[in-house]
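Structure, as structure tokens:
Lettering follows sequence order; numbering is per chain, from 1.
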Amino acid sequence: MVKICEKGQVKIQQMAFMLLAIFILFVMIGIVIVSSKISNLEKTAVEYQEKNALTLASKIANSPEFSCGNSFGNQKSDCVDLEKVLGLKKIAEDYEDFWEVSNIEIRIIYPQDEEEIECSQENYPNCNYIDLLEKGISGFSVSNYVSVCHKEKNINKIVNICELGQIIVSYEVEND
Amino acid sequence: MIKEIKKSGQEEIVGFAIILILIAVIFIVFLGLGKSDAQKQELEDFETTSFLSAMLETTTTCEKNGDFLSVKDLIFECPNYYFCLDGNNSCEVLNETVEEILEVSWDVSEESSVKGYDFEIFVNDEERIKFVQGNITKAYKGASQNYAKTVDSADIYLKIYY
């Protein structure tokens with residue numbers, strides 16, 4: 001009788017250990033899944049932020065203050081009118097709160113020049129970058145490819161010249 | 001007595017098998033979760049789309065009737081064996097311009113995040129230009145554009161590998 005009782009106790013103990021082991025296993029698997037989900041969520045949030053930032057660069061390039069509109073033939077997207085931007089540079093500080101960015105830089109990457117020359121009314125169009133708010137690149141920055149277009153005189157004809165450029169937008173991230 | 005021992009042994013085996021099946025199911029679920037993440041390797045193509053449209057609008061050195069032709073114009077002039085005002089072959093100008101633009105825009109190296117690119121231009125379904133640089137990986141950003149001019153049609157494809 002005592003033997004049967006002991007055997008039963010051993011069985012119950014075995015069962016308890018088994019249940020504990022399974023419970024620990026489930027908890028461990030749960031931790032792995034939850035941590036992987038959290039890291040994925042963080043990755044998605046970063047991707048979403050990056051996408052938003054890229055959209056910001058494109059949004060600014062396509063805004064009426066920058067875009068080529070119909071000035072260079074048909075309507076072009078991601079096209080920046082260099083003359084407009086030069087004009088805008090004079091009053092860029094007034095737009096600072098409107099854009100909600102710390103700086104906007106437009107850089108011509110093709111054709112490539114060895115020397116870096118900032119665009120001004122005097123040297124236009126023989127230059128390769130324009131710094132709108134003159135604060136340099138600070139905080140986070142995103143860039144997107146754009147056409148940088150201007151008009152040039154070729155013999156007796158005014159021709160459209162579009163170069164490949166990048167619009168670099170820098171912004172500060174507010175931490176809540 | 002022997003029957004009881006046998007029954008107890010069978011119960012243990014059944015319990016063990018259930019636990020094994022349970023662990024296998026959890027493992028499969030876990031693998032499935034991992035696989036769904038691996039399939040999401042194709043990244044957003046926002047940047048490549050902007051690059052492609054900006055590149056096609058870039059003015060080349062090829063002159064025609066007082067105007068400088070864009071990369072997009074040259075894509076349609078090249079199959080007609082057009083020669084630029086300075087005597088250069090339009091196809092050569094197109095090749096050189098596209099190659100230079102790709103080189104300055106995408107830094108392909110082991111240190112860079114860009115591992116390679118694949119650029120193709122088809123005119124009337126015939127391959128005219130193909131530039132492949134670096135390594136072809138599983139994660140890429142892709143963009144395509146198509147244009148039509150009179151009877152010709154052009155398809156341009158770009159894949160940037162990361």
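If you take CG on B:L22 and CD1 on A:I22, they are separated by 6.5 Å, rounding to the nearest 0.5 Å. Between the OG1 atom in B:T58 and the CD1 atom in A:I108 there is a gap of 10.5 Å [rounded to 0.5 Å]. Between atom NZ of residue A:K76 and atom CG of residue B:L56 there is a gap of 11.5 Å, rounded to the nearest 0.5 Å.
When hydrophobic clusters are built by joining Ile, Leu, Val, Met, Phe, Trp and Tyr residues whose side-chain heavy atoms come closer than 4.5 Å, directly or via intermediates, B:L94 is grouped together with B:Y82. Hydrophobic cluster membership is shared by B:I101 and A:I109, with clusters built from Ile, Leu, Val, Met, Phe, Trp and Tyr side chains linked at under 4.5 angstrom. A:Y110 and B:F68 fall into different hydrophobic clusters, where Ile, Leu, Val, Met, Phe, Trp and Tyr side chains are chained together by heavy-atom contacts under 4.5 Å.
When the shell of 6.0 Å around CG of B:D125 is examined, it contains 12 or fewer heavy atoms from other residues, nucleotides or ligands. Crowding of A:E152 atom CD: a count of heavy atoms from other residues, nucleotides or ligands under 6.0 Å exceeding 12. Other residues, nucleotides and ligands contribute over 12 non-hydrogen atoms within 6.0 Å of the NZ atom of A:K157. More than 12 heavy atoms of other residues, nucleotides or ligands shown are found within 6.0 angstrom of CD on B:E127. Counting non-hydrogen atoms of other residues, nucleotides and ligands closer than 6.0 Å to NZ of A:K59 gives a total of 12 or fewer.
Heavy atoms closer than 4.5 Å to chain B are found in the side chain of A:F26, but not in its backbone. Heavy atoms closer than 4.5 Å to chain A are found nowhere in B:T49, neither backbone nor side chain. Heavy atoms closer than 4.5 Å to chain B are found in the side chain of A:Q14, but not in its backbone. Residue B:T60: no heavy atom, backbone or side chain, is found under 4.5 Å from chain A.
A heavy-atom distance below 4.5 Å is found between the side chains of B:E63 and A:N154.
When each of A:L164, A:I161, A:N160 is tested with B:T59 by the rule side-chain contact (heavy atoms from CB on, under 4.5 Å), just one qualifies, namely A:I161.
Taking the six-membered ring for Trp and thresholds of 30 and 60 degrees, A:Y145 and B:F51 have ring planes more than 60 degrees apart, a perpendicular arrangement.
The greatest number of non-hydrogen atom pairs below 4.5 Å with chain B, out of A:T55, A:V148, A:I155, is found for A:T55.
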